[in-house]
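Beneath this line is the structure, given in structure tokens, with notes to follow.
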Amino acid sequence: MTNFFFNLPRQFIYLIIALAVFIPIILGMEMDVIPAPEAEAVFNIIEDLPDGSVILFGQDYDPSSEPELTPMTTAFLRHCFLKKHLVVSVNVFTVDGVGLGQMAFSKMEDEFGVVSGEDYVYLGFRPGVANSIRAINSDITNYYKTDANGVPSASMPIFEKVKNGKDVDFMLSIAAGATPEAWILYGASESGYPMAAGCTAVSFASYFPFYNSGQMKGILGGLKGAADYEELLVRNYPEMKEKSMFAKKGMVSQSWVHILLLVLIILGNISFIRERAITRRGGKA
Amino acid sequence: MQFLKRNIPVLIAFVMGIAMVCQYYIPSQASQDFGSDMNIWTEIIFAFALLIGVQSLIHNHTNKIRRKQVGYGFSWAVIISMIAMTIAGLIGGGVDNTKGMYFWMFQYLQVPMQATVFSILCFYIATAAYRAFRAKTPEATMLLIAAAIAMLGRVPVGTELTDWIPLGTFWANLRMEIMTDWLLNIPNTAGFRAVMFGVGLGIISTSLRIIFGIERTYMGGGD
């Protein structure tokens, strides 16, 4: 039995991880979430802006990161539309992600009755990260002649209020890659809008230098960042309790997987120490 | 031939490199217009690069199929998928038509498949953590302890482990979420900042090497 724990077969590890992921989701388990300060900072900015402010939203991810980043997008857009902010959205990361942006805004149309061209506009993708961001700084409709549905942008009512980056009150880039850095370099530094980033858990730590220097006002990191945002939404808007909150549900699975990983690391290290002790004694590991 | 293959590309890289650096720092309208024109040129180049990419992909996979190389069945999958998505896009419109066949295939085939492949990482990380995350040296042990704290501090079950420690006291520093915040804000920020300075200097030196024609690997040929 001891030997089994010290030489766990790969398939056994896959099985217990799968159980840790699926059982909480199937049973619909939930846990209380303590929002992180960097997520609370993003929420407070949106909350404190006067109704009808202009939000620039970089939906900079593709289907690979959809499970981790779509809950964050949904929570953020819900908050924007609850506050009746105007949302101008683009994807500067990849053409693959445009469909996801369409799906997110279609969901918002169903939930809040927002109208494309009036309450929001989704401009889709054009190649070149720096080019697209710098074009937004100078003249949005001159560069994005149509939205992602092919509708001409110049005649849209939303662009009577939003001409370029100078009119933006806050920017959030939810990204699978390094586009938030490009938004700082070419967008926020030129147009002067405050900004924050949403990212996958693996890139979360890399944005802290920007957060601590004030170049980013907040960070939403991975599914936990989305769960934090959902928690803050529910606390401030109790009617949101009725909506599907996927990230909070996912936190139970993530909790158990993290605990399992720790147990596996401890077992692996005990096994390593044991083998080293046996080798030193001259025995066979 | 040498002139066309080597000197002209180096000259273009030099002129455009210097022009774009100057354009960034000149706030006049003429400079802005020049920048906008260059944006359009970049898109045209992207479009040609895409064509070359598609041609290269088809060439590579048809070769594999013709030679019946190991795993050539996957090459069939690539080509059939590419043709199917192209036809669906041409007949029913692209992502601009959310009721079309292309969008349906994107939503119900591409998104779940790509998300699944990425999600499988979780299983590999678990086995890798068990087999490779060993406290072999003092540095590895520190990394292991920091990772364990961060893993617990970022999930509700971890924060619940230490939520009995009262806030506002010295002992509150031992709460999981507070230790995690400290790790992310102090040692992690310092480390990443150092890495970013290094990367920044590397980007500047590589850019200068390309602009001045010292770095020519982008032209192929390995020199």
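Throughout, a chain's letter reflects where its sequence line sits, starting with A, and its residues are numbered from 1.
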Counting only non-hydrogen atoms closer than 4.5 Å, does [X] touch chain B with its backbone (N, CA, C, O), its side chain (CB onward), both, or neither?
X        : value
A:Ile34  : side chain
A:Ser138 : side chain
A:Val257 : side chain
A:Leu267 : both
A:Ala205 : both
A:Gln254 : both
A:Glu190 : side chain
A:Ala18  : both
A:Asp62  : side chain
A:Tyr207 : neither
A:Ser213 : both

Report the option among [options] that has the most heavy-atom pairs separated by less than 4.5 Å from atoms of chain B.
options                                : answer
A:Arg134, A:Glu181, A:Met251           : A:Arg134
A:Asp96, A:Leu223, A:Ile259, A:Val151  : A:Asp96
A:Phe210, A:Phe204, A:Trp256, A:Phe208 : A:Phe208

Considering all heavy atoms of both residues, which atom of [X] and which atom of [Y] are nearest to each other, and what is their separation?
X        : Y        : answer
B:Arg131 : A:Arg10  : NH2-N, 3.5 Å
A:Asn269 : B:Phe133 : ND2-O, 2.9 Å
A:Asp32  : B:Pro156 : O-CB, 3.3 Å
A:Ser189 : B:Tyr24  : OG-OH, 4.3 Å
A:Ser206 : B:Phe192 : CB-CE2, 3.4 Å
A:Leu100 : B:Phe106 : N-CE2, 3.6 Å

Is there a side-chain contact between [X] and [Y] in this structure, where contact means two heavy atoms from C-beta onward sitting under 4.5 Å apart?
X        : Y        : answer
A:Ile13  : B:Tyr130 : yes
A:Asn131 : B:Met38  : no
B:Asp181 : A:Glu38  : yes
A:Phe272 : B:Lys136 : yes
B:Val155 : A:Lys224 : no
B:Thr189 : A:Tyr211 : no
B:Thr42  : A:Pro127 : no
B:Gln107 : A:Met103 : yes

For [X], is it the side chain, the backbone, both or neither that has a heavy atom under 4.5 Å from a heavy atom of chain A?
X        : value
B:Val117 : neither
B:Asn188 : side chain
B:Thr127 : both
B:Met196 : side chain
B:Thr180 : neither
B:Leu144 : side chain

Can you tell me how far [atom2] of [Y] sits from [atom1] of [X], rounded to the nearest 0.5 angstrom?
X        : Y        : atom1 : atom2 : answer
A:Ser64  : B:Met113 : OG    : CE    : 11.5 Å
B:Phe118 : A:Glu68  : CZ    : CD    : 6.5 Å
B:Cys122 : A:Leu261 : SG    : CG    : 7.0 Å
B:Arg193 : A:Asn212 : CZ    : CG    : 6.5 Å

Give a yes or no on this: more than 12 heavy atoms of other residues, nucleotides or ligands lie within 6.0 Å of atom [atom1] of [X].
X       : atom1 : answer
B:Asn60 : CG    : yes
A:Met31 : CE    : yes
B:Met82 : CE    : yes

Identified side chain to side chain contact (heavy atoms under 4.5 Å, CB included) counterpart of A:Ser255 within the set B:Thr159, B:Leu152, B:Val157: B:Val157

Options B:Arg134, B:Gln110, B:Met151, ranked by heavy-atom pairs under 4.5 Å with chain A, top entry: B:Arg134

B:Arg154 side chain vs A:Gly221 backbone, donor-acceptor pair below 3.5 Å: yes

